[in-house]
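Contents: one structure, followed by commentary.
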Amino acid sequence: MRSATGCAITITGGTETGHSSGTYSHWNGYKLDIRHSACVDSYITSTFTYVGYISGWGHQYRSGSGNLYTDEGNHWDILYYNCGGC
């Protein structure tokens with residue numbers, strides 16, 4: 001993401017205890033939390049397709065590769081289904 005955005009990326013959550021379990025979870029390495037910044041916010045909201053507001057979760061955006069970026073208020077929750085062509 002750093003190379004695609006040109007933004008400084010601060011990871012605030014990964015696979016640590018306290019996240020939900022399940023196939024596409026933090027625990028299994030599919031999700032990552034990153035800090036909001038003007039650069040990151042602008043990139044996500046202008047590059048990806050707005051999906052809508054997910055009640056109890058936040059505003060969600062989908063990348064062309066299918067990955068989901070959810071604004072949970074104090075951070076972005078990112079669900080990586082794939083690496084987007086890496």
Query raised in the report: Is there side-chain contact between Thr49 and Tyr61, with at least one heavy-atom pair below 4.5 Å?
Result: no
Distance col, row Asp71:CG vs Trp57:CH2, nearest 0.5 angstrom, shows 12.0 Å
The ring pair (Phe, Tyr, Trp, His ring centres under 6.0 Å) partners of Phe48 (sequence neighbours excluded) come to Tyr43, Tyr69
Heavy atoms of Cys7 and Val40 approach each other most closely as SG-N, 3.5 Å
Worksheet item: Between the main-chain N or O of Tyr81 and the side-chain N or O of Asn67, is there a donor-acceptor pair closer than 3.5 Å?
Response: yes
OH of Tyr50 to CZ of Arg62, rounded to nearest 0.5 Å, is 13.0 Å
Shortest non-hydrogen pair, His75 vs Thr12, comes out as CB-OG1, 4.2 Å
Students often mix this up, so state it plainly: with edges at 30° and 60°, are the rings of His36 and Trp76 parallel, tilted or perpendicular? tilted
Rounded to the nearest 0.5 Å, the CZ atom of Arg2 sits from the CD1 atom of Ile9 at a distance of 7.5 Å
request  = Could you walk me through whether Ile78 and Met1 pass the side-chain contact (heavy atoms from CB on, under 4.5 Å) test, one step at a time?
outcome  = CA-CA 11 Å; Ile78 306 170; Met1 182 156 181; 4.0 Å; yes
One should read off an interatomic distance between Ile54 CD1 and His59 NE2, to the nearest 0.5 angstrom, of 10.0 Å
In this structure, OG1 of Thr5 is separated from CG of Asp41 (nearest 0.5 Å) by 11.5 Å
